[in-house]
Amino acid sequence: MTTNDTNFKKEAVFDAKELAFEMTEKLKFYLKGLIKYGGSDLHIKTSSTFRGRINGEMVPLSNEILSHEDGIQLAKEVLRSRFQELVEKKSVDFNFKLDEKYRFRGNIFFQTDGISAVFRVIPVAIPSMEELKLPKSIEKITSLKRGLVLVTGPTGSGKSTTLASIIDEINTTQRKHIITIEDPVEFVYKDKSSLVNQRAIGQDALDFSTALRAALREDPDIILVGEMRDMETIETAMHAAETGHLVLSTLHTVDAKDTINRIIGTFPGNEQNKIRMSLAATLQGVLSQRLVKTKDSKRAAAIEILYKNARIESLIADSRDSEITDAIAEGKDIYGMQTFDQALLDLYGRGIIDENEALMNASNRGDLKMQIDNFNNANQQSETVVDAMIDLKVEETA
């Protein structure tokens with residue numbers, strides 16, 4: 001143990017009588033400011049200013065510097081009896097409720113200057129698939145009876161929100177038993193047509209794999225696993241999908257091909273062929289999303305969509321992962337699939353993003369540039385024809 005660790009433990013003893021909650025009031029002030037400006041995350045760091053992630057960029061919210069003492073006090077007020085857990089584990093996940101409309105997923109952790117914290121906005125109202133402007137073909141997931149569906153992408157790409165909209169649609173329209181296993185619980189579902197049980201790791205369950213195994217004995221139709229973090233959780237999730245349940249989860253992967261490789265690569269070499277065959281049979285869909293800047297300085301999701309068909313199943317089983325992207329592109333019209341570049345072209349064609357933003361996020365910049373040029377040329381030709389028809393009509397009228 002270092003001298004700094006020893007000193008911190010001495011000054012960081014929890015005593016509820018110390019808490020005046022002045023730092024909590026300051027936190028609420030900044031959280032309200034974050035919401036006002038449409039931000040997604042509040043970042044707090046000892047010896048630095050309060051910052052918000054607004055439209056994807058880190059923006060200072062004031063010139064105020066958080067002192068070392070105030071950082072410790074904030075952690076005590078927010079974590080209360082869990083403060084000792086922070087001292088021991090150096091990082092703690094938690095939920096924070098601002099008011100009836102907004103909750104936050106939080107993480108407080110140590111860094112070299114002291115305490116830091118991040119608060120991610122979780123609206124109490126769950127946005128619908130229509131409000132999120134998700135591709136129409138994603139509705140297909142709500143009608144699946146069994147199998148594995150994964151929503152992937154980097155941190156902050158909207159995976160949890162997309163999953164929440166899918167779960168809420170099922171909850172509204174179908175009579176199912178839904179179990180969610182999360183760390184921590186993010187969106188809170190009220191029972192509608194379905195019955196929804198939500199379990200938080202640490203509070204209601206020991207870990208993902210244990211809770212997932214228990215879920216199989218709790219008569220679920222649908223199981224939402226917040227994140228497939230380890231081999232045991234992945235294996236249990238695939239077993240649940242094989243035995244007639246619909247399992248939804250997330251991974252931090254960039255696209256469908258990478259998702260398949262990540263799952264298989266988690267297992268030892270002598271087990272990978274068995275896992276590949278199991279994945280080929282159980283995987284029903286992969287939604288991989290990235291947030292892109294819109295013309296009105298907001299953000300929209302560009303989503304690659306893979307759905308299982310005979311060709312996709314064969315490519316996975318035969319280790320022909322390099323052909324998956326082409327299979328997705330060719331399955332757009334029939335199966336509702338799309339690659340990232342097809343999603344970006346669609347957003348560009350609808351006037352939501354500009355050409356530079358599309359090309360910056362492209363998987364194959366050269367190919368997308370050619371498709372955009374073809375789209376622009378086709379539009380120009382169409383406008384020329386329309387203008388000529390108008391001129392002809394004017395002449396005939398004259």
Side-chain angles (χ1 to χ4, degrees), residues 1-37 39-54 58-99 101-124 155-156 160 182-188 200-207 226-227 229:
M1 181 182 296
T2 66
T3 303
N4 286 341
D5 285 339
T6 303
N7 291 340
F8 182 80
K9 286 193 174 186
K10 286 180 179 178
E11 71 176 312
V13 176
F14 176 79
D15 183 353
K17 296 177 181 178
E18 296 178 4
L19 305 183
F21 295 100
E22 293 178 358
M23 290 305 301
T24 301
E25 291 305 310
K26 182 171 291 188
L27 169 65
K28 290 180 178 179
F29 170 80
Y30 282 107
L31 291 176
K32 289 175 181 177
L34 180 76
I35 292 167
K36 178 181 178 181
Y37 291 107
S40 60
D41 300 81
L42 176 68
H43 288 253
I44 301 172
K45 178 186 175 184
T46 297
S47 303
S48 188
T49 58
F50 291 74
R51 299 169 191 251
R53 185 174 294 280
I54 300 173
M58 298 291 286
V59 178
L61 299 180
S62 75
N63 294 322
E64 180 179 6
I65 302 295
L66 182 73
S67 70
H68 179 82
E69 294 73 22
D70 283 347
I72 294 172
Q73 191 65 22
L74 175 64
K76 288 181 177 180
E77 292 179 8
V78 170
L79 296 176
R80 303 191 190 188
S81 60
R82 295 186 66 192
F83 183 76
Q84 192 60 36
E85 183 181 343
L86 172 65
V87 175
E88 294 171 358
K89 296 183 178 180
K90 311 302 182 186
S91 175
V92 173
D93 293 321
F94 59 94
N95 282 329
F96 184 85
K97 184 176 180 180
L98 177 62
D99 53 33
K101 290 184 177 181
Y102 290 97
R103 296 167 58 250
F104 293 80
R105 181 184 69 197
N107 179 273
I108 290 183
F109 58 96
F110 287 143
Q111 43 83 19
T112 53
D113 291 323
I115 294 288
S116 278
V118 181
F119 292 79
R120 165 68 56 83
V121 178
I122 306 173
V124 172
T155 300
S160 297
E182 303 169 79
D183 183 19
V185 168
E186 296 189 29
F187 292 92
V188 176
I201 300 301
Q203 175 180 307
D204 309 309
L206 293 177
D207 52 53
E227 184 180 348
R229 294 179 177 176

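All heavy atoms count here, side chains included; hydrogens, waters and symmetry mates do not.
Within the 4.5 Å cutoff, no side-chain heavy atoms of Arg53 are placed close to those of Val59.
Tested against Tyr102 for a side chain to side chain contact (heavy atoms under 4.5 Å, CB included), the candidates Val124, Leu34, Val121 yield a single pass: Val121.
In plain terms, the two heavy atoms of Ser47 and Ile65 that are nearest each other are C-CG2, 3.6 Å. Summarising the geometry of Leu42 relative to Leu61, their closest heavy-atom pair is CD1-CD1, 3.5 Å, with the distance given to 0.1 Å. Listed here is the closest heavy atom pair of Pro184 and Asp93: CD-CB, 4.2 Å. Contact between Phe96 and Leu31 at its shortest, heavy atoms only, is CE2-CD1, 3.7 Å. Contact between Arg120 and Gly156 at its shortest, heavy atoms only, is NH2-CA, 3.5 Å.
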Quiz item: Could you walk me through whether Gln73 and Glu77 pass the side-chain contact (heavy atoms from CB on, under 4.5 Å) check?
Solution: CA-CA 6 Å; Gln73 191 65 22; Glu77 292 179 8; 3.5 Å; yes

Practice problem: Would you please test Phe119 and Phe94 for side-chain contact (heavy atoms from CB on, under 4.5 Å) and show each step? | Solution: CA-CA 9 Å; Phe119 292 79; Phe94 59 94; 3.7 Å; yes

Quiz item: What do the steps show when you test Ser160 against Glu182 for side-chain contact (heavy atoms from CB on, under 4.5 Å), and what is the final call?
Solution: CA-CA 10 Å; Ser160 297; Glu182 303 169 79; over 6 Å; no

Self-check item: Steps toward side-chain contact (heavy atoms from CB on, under 4.5 Å) verdict (Gln203, Val185)
Solution: CA-CA 10 Å; Gln203 175 180 307; Val185 168; over 6 Å; no

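Between Glu186 and Arg103 no salt bridge is recorded (no basic side-chain N to carboxylate O distance below 4.0 Å). In this structure, Asp41 does not pair ionically with Arg51, as no charged nitrogen and carboxylate oxygen lie closer than 4.0 Å.
Expressed to the nearest 0.5 Å, how far CD of Glu25 lies from OH of Tyr30 amounts to 13.5 Å. To the nearest 0.5 Å, atoms CG (Leu27) and CG (Leu98) are separated by 8.0 Å. In this structure, the separation between NZ on Lys28 and CZ on Phe21 is 9.5 Å, given to the nearest 0.5 Å. Expressed to the nearest 0.5 Å, how far NZ of Lys89 lies from CD of Gln84 amounts to 11.5 Å. The CD1 atom of Ile108 lies 4.0 Å from the CG atom of Leu79; values are rounded to the nearest 0.5 Å. The distance from the CD1 atom of Ile72 to the OG1 atom of Thr46 is 7.5 Å, given to the nearest 0.5 Å.
Listed by chain and number, the residues in a side-chain contact (heavy atoms from CB on, under 4.5 Å) with Thr112 amount to none (sequence neighbours excluded). Taking the side-chain contact (heavy atoms from CB on, under 4.5 Å) definition, one finds that Phe109 meets it with Ser91, Asn107, Gln111, Ser116, Val118, sequence neighbours left out. In this view, Asp70 and Met23, Leu66, Ser67 satisfy the side-chain contact (heavy atoms from CB on, under 4.5 Å) rule, not counting sequence neighbours.
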